[in-house]
Amino acid sequence: MSPSFNELSAGQEIGRRTVEVTRTDLVKYAGASGDFNPIHWNEAFATGVELPGVIAHGMFTMGSAVQLVTDWAGDPAAVVDFQTRFTKPVLVTDTTGTDEPGATIEVSGTIGKLDAEAGTARVDLTVVSAGQKVLMKAQALVKLS
């Protein structure tokens with residue numbers, strides 16, 4: 001069910017989620033997106049280009065963040081704009097053979113601004129992995145009825 005515009009206020013939290021990421025998730029995402037850059041699956045290659053290890057795709061991280069908003073809105077089409085800046089990569093360690101994730105992404109969202117005339121809410125997202133913000137100025141514009 002979609003949130004009602006009239007029940008929202010600036011500063012209101014829309015929710016939180018934790019996304020557990022494994023290297024298998026990155027391989028699946030590579031297949032779906034067509035982005036097979038070895039920095040997303042090959043440890044030796046990633047460290048060879050001076051990364052700290054295998055990193056998640058930026059679009060994987062961004063999509064994981066905006067999923068909080070689409071779930072809250074109840075309709076992916078309600079998100080009419082999404083913008084962010086990538087600030088830190090999400091390092092995904094190899095946990096093959098365990099039940100442990102290689103990384104976690106913590107996402108929380110709050111209403112940043114309401115526009116009654118347009119019927120939109122700007123949702124500001126905080127996106128953190130390993131104690132560091134990995135996306136900055138992550139904002140989704142949601143059209144509500």
So does Thr104 get a backbone contact from the side chain of Ser129, meaning a donor-acceptor N/O pair under 3.5 Å?
yes

Keeping to residues at least two apart or across chains, list the salt bridge (Lys or Arg N to Asp or Glu O under 4.0 Å) pairs with something in residues 85-108.
none

Tell me, which pairs form a salt bridge (Lys or Arg N to Asp or Glu O under 4.0 Å) where one or both residues lie in residues 5-18, sequence neighbours left out?
Glu13-Arg16

CG-OH distance between Asp35 and Tyr29, expressed to the nearest 0.5 angstrom
7.5 Å

Report yes or no: does Thr93 contribute a side-chain atom to a donor-acceptor pair with the main-chain N or O of Gly102 at less than 3.5 Å?
yes

According to a hydrophobic-cluster definition based on side-chain heavy atoms being under 4.5 Å apart (Ile, Leu, Val, Met, Phe, Trp, Tyr only), do Val69 and Ile105 belong together?
yes

How close do Val54 and Glu43 get, counting heavy atoms only, and between which atoms?
CG2-N, 3.6 Å

Determine yes or no for a side-chain-to-main-chain donor-acceptor pair under 3.5 angstrom, with Ser2 supplying the side chain and Ala73 the backbone.
yes

Tightest non-hydrogen contact, residues Ala65 and Leu125, listed as O-CD1, 3.8 Å

Side-chain polar contacts of residues 77-84 - donor-acceptor pairs under 3.5 angstrom, sequence neighbours left out - could you list them?
| unit_1 | atom_1 | unit_2 | atom_2 | d |
| --- | --- | --- | --- | --- |
| Asp81 | OD2 | Gln83 | NE2 | 2.8 |
| Thr84 | OG1 | Met136 | O | 3.1 |

Where Ala103 and Val90 come nearest, the two heavy atoms and their spacing
CB-CG1, 3.9 Å

Which atom pairs, donor and acceptor, lie under 3.5 Å between side-chain atoms of residues 111-121 and protein residues at least two apart or in another chain?
| unit_1 | atom_1 | unit_2 | atom_2 | d |
| --- | --- | --- | --- | --- |
| Asp115 | OD1 | Glu117 | N | 3.1 |
| Asp115 | OD1 | Ala118 | N | 3.0 |

Holding to ring-ring contact (aromatic ring centres under 6.0 Å, His included), I want the full list of residues that pass it with His40, two or more places apart in sequence or in another chain.
His57

Euclidean distance, Gln132 CD relative to Leu91 CG, rounded to 0.5 Å:
10.5 Å

Can you hop from Met59 to Val134 via hydrophobic side chains spaced under 4.5 Å?
yes

So, does Asp25 use its side chain to make a donor-acceptor pair with the main chain of Thr22 at under 3.5 Å?
yes

d(Thr61 OG1, Leu135 CG) to nearest 0.5 Å is 6.5 Å

Test side-chain contact (heavy atoms from CB on, under 4.5 Å) applied to Trp72 and Val123, step by step:
CA-CA 10 Å; Trp72 169 76; Val123 177; 3.9 Å; yes

By side chain to side chain contact (heavy atoms under 4.5 Å, CB included), which residues pair with Phe36, not counting sequence neighbours?
Ala30

Pairing donors with acceptors under 3.5 angstrom, does anything connect the side chains of Ser64 and Gln67?
no

Val19 reachable from Ile55 in the ILVMFWY side-chain graph, under 4.5 Å edges:
no

Check the hydrophobic clustering (I, L, V, M, F, W, Y; side-chain heavy atoms under 4.5 Å; chains of links allowed) and say if Phe60 and Ile39 are grouped together.
no

Same cluster or not: are Phe86 and Val66 linked, directly or through other Ile, Leu, Val, Met, Phe, Trp or Tyr residues, by side-chain heavy atoms under 4.5 angstrom apart?
yes

Could you check Leu51 against Phe45 for side-chain contact (heavy atoms from CB on, under 4.5 Å), going step by step and ending with a plain yes or no?
CA-CA 9 Å; Leu51 289 169; Phe45 185 89; over 6 Å; no

Spacing of CZ belonging to Arg122 relative to OG1 belonging to Thr110, to within rounding of 0.5 Å:
8.5 Å

